[in-house]
Amino acid sequence: MKVGAPKEIIGGEARVALTPDSAVQLQKLGHSCLIETGAGLAAGFSDQAYRDAGVEVVKDAKALWAGADVIAKVRPPEASETALLGPGKTLISFFYPAQRGAELEAARATGANVIAMDMVPRISRAQKMDALSSMANIAGYRAVIEAGANFGRFFTGQVTAAGKVPPARVLVIGAGVAGLAAIGAATSLGAVTLAFDVRPEVAEQINSMGAEFVFLDFEEQQQDGAATGGYAAPSSPEFREAQLKKFRELAPGIDIVIATALIPGRDAPVLWTRDMVEAMKPGSVIVDLAAERGGNCELTKADKKIVTRNGVTIIGYTDFPSLMAAQSSALYSTNVRHMLADLTPAKDGVLVHNMEDDVIRGATVAFAGEITFPPPPPKIQAIAAQKPKEKPKELTLEERRAAEVAAFRAQTRSQVTLLALGTALLLLVGAVAPASFMAHFIVFALACFVGFQVIWNVSHALHTPLMAVTNAISGIVVLGALLQIGSDNSLVTILAALSVLIASINIVGGFMVTRRMLAMFQRS
């Protein structure tokens, strides 16, 4: 199949759905690649770079749409682009079918198959195709960069000859992919980072990244994000009031707010109101990643940066991934490549649109002239239900005593049997072996038996360090070898020398392993 990537026609969009590196990988699947001339320039990929990767550069968009069997885009298609589709063609792009019903119907009417990268189900196998997470990761990182560019101080605290500089205090609202990326960037820059999310299970993730989770004094149990596909569920009015009250308390001491709270298919909830903005210090910055859906800040204006009367800068850009076009294009094209890899199971350049596959079915919104949105629930659940564990039965005092007596008797029987067999073996060997050999053999047998009994009664968790120490101590055999190394028999001398070498390795290795094991339990 011919996979083509046209130039994005949305103003200001710098990303491209096909990079030279991804084109090389697609060719290994048996596909050939097309690119519209100039499509990758804004992302830093020249036409010559594509030619060097074996990609055919097409002069205009019409020729590309006509010549490609699979069209890979970033932004949803415009009406003029949808008209270029036809039966047998496949479109792969962001589409947002829940908000673009008329455009979905127009795409269906063309007979083309449409795969929406924003509809990839959030299951483990589909993570490599999760373009929403890829772009959200970049948006969260870029939000911190934009905040730093508009903030008049350092992120990290400093003590200089000119005075002490306090660290910036950053509040991240929403700890999804974008929020966690923002937390990571802010903490790495040295800011004191606080984060809030309505999902209780993310508190541990936030703390592990060096940020402080903002808890609410609220009795109502919030829904676990696992039950909503990893996204936050809408909050009750009571919870929202407690949330806003907490934010009003925090607002005067916060320097930077990065708002990422957004539920797919819904307008962004207003979480940072006008009075909170007015309570912030002059020079503070608000970066609203939900601006495209109305914004988490009440004063946000989409695609604009404004400064309020009290000197607070509010950034409402909706193209954060496009501001890092090279990185965004690399990640998005990799997501598309993995999608095409699933569509080409035989790696022979032939698409197999398997609608029984959870990932392909979930992302397909139009197929063979029919609208296939919304998809059915995936057959494979993201989180399997745990079977209830049976509570162990508590034994009475008499039952515990009976069990101990039975265990003691069983152990005694096994030991007596082992000793009887050992004695019989010694008698058999003694009948044919000389007395000098038997003296050494009996010591050896007793050492093995006592050593076995000692190790058997040690906890399994201590076996590795214990064996390392016993190996080192058992290196005492080197003394016996040294006594025999001066023997008149050359064979005995050679064997004694080998014993000294092996025993020395045993001693040194045993103590080295023990030292490393002990170091695991020490703090620097």
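Worth knowing before you read on, the calculation uses all heavy atoms, side chains too, and leaves out hydrogens, waters and symmetry mates.
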Donor-acceptor check, side chain of [X] to backbone of [Y], threshold 3.5 angstrom: yes or no?
X      : Y      : answer
Tyr50  : Leu18  : yes
Thr344 : Ala341 : no
Asp288 : Asn296 : yes
Asn310 : Val277 : yes
Ser322 : Gly12  : yes
Asn335 : Lys128 : yes
Ser328 : Ala325 : no
Ser329 : Val16  : yes
Lys89  : Trp65  : yes
Glu298 : Arg274 : yes

Exercise. Without hydrogens or angle criteria, can the side chains of Thr318 and Asp303 be said to hold a donor-acceptor pair below 3.5 Å?
Worked result: yes
Output the distance between atom [atom1] ([X]) and atom [atom2] ([Y]), rounded to the nearest 0.5 Å.
X      : Y      : atom1 : atom2 : value
Leu104 : Thr372 : CG    : OG1   : 8.0 Å
Phe213 : Asp197 : CZ    : CG    : 6.5 Å
Thr19  : Gln25  : OG1   : CD    : 9.5 Å
Ile360 : Asn354 : CD1   : CG    : 5.5 Å
Ile92  : Asn113 : CD1   : CG    : 10.0 Å
Met117 : Phe95  : CE    : CZ    : 14.5 Å

Side-chain donor/acceptor pairs under 3.5 Å, residues 3-10, sequence neighbours excluded:
{"unit_1": "Glu8", "atom_1": "OE1", "unit_2": "Lys73", "atom_2": "NZ", "d": "2.9"}
{"unit_1": "Glu8", "atom_1": "OE1", "unit_2": "Arg75", "atom_2": "N", "d": "3.3"}
{"unit_1": "Glu8", "atom_1": "OE2", "unit_2": "Val74", "atom_2": "N", "d": "2.8"}

[Y] and [X], any side-chain heavy atoms less than 4.5 Å apart:
X      : Y      : value
Ser32  : Met1   : no
Val192 : Pro167 : yes
Leu331 : Met135 : yes
Leu171 : Ile173 : yes
Asn150 : Val287 : no

Exercise. Of all residues at least two apart in sequence or in a different chain, which pass the ring pair (Phe, Tyr, Trp, His ring centres under 6.0 Å) check with Phe367?
Worked result: His353
Does a salt bridge link [X] with [Y], judged by any charged N lying under 4.0 Å from a carboxylate O?
X      : Y      : result
Arg240 : Glu238 : no
Arg142 : Glu146 : yes
Asp69  : Lys2   : no
Asp342 : Arg125 : yes
Arg122 : Asp130 : yes

Exercise. Do Phe247 and Phe196 pass the ring-ring contact (aromatic ring centres under 6.0 Å, His included) test, and can you show the C-alpha distance, the side-chain angles, and the key distance before you say yes or no?
Worked result: CA-CA 10 Å; Phe247 289 163; Phe196 174 83; 5.4 Å; yes
Do other residues, nucleotides or ligands put more than 12 heavy atoms under 6.0 Å from [X] [atom1]?
X      : atom1 : value
Arg516 : CZ    : no
Glu204 : CD    : no
Lys281 : NZ    : yes
Phe154 : CZ    : no

Distance-minimising heavy-atom pair for [X] and [Y]:
X      : Y      : result
Val57  : Asp47  : CG2-O, 3.8 Å
Val350 : His31  : N-CE1, 4.4 Å
Val24  : Ala53  : CG2-CB, 4.0 Å
Ser93  : Pro76  : OG-CA, 4.3 Å
Pro77  : Phe94  : CD-O, 4.3 Å
Val359 : Ala126 : CG2-CB, 3.7 Å

Problem set entry | Residues that Lys62 engages under side chain to side chain contact (heavy atoms under 4.5 Å, CB included), provided they are two or more places apart | Asp60
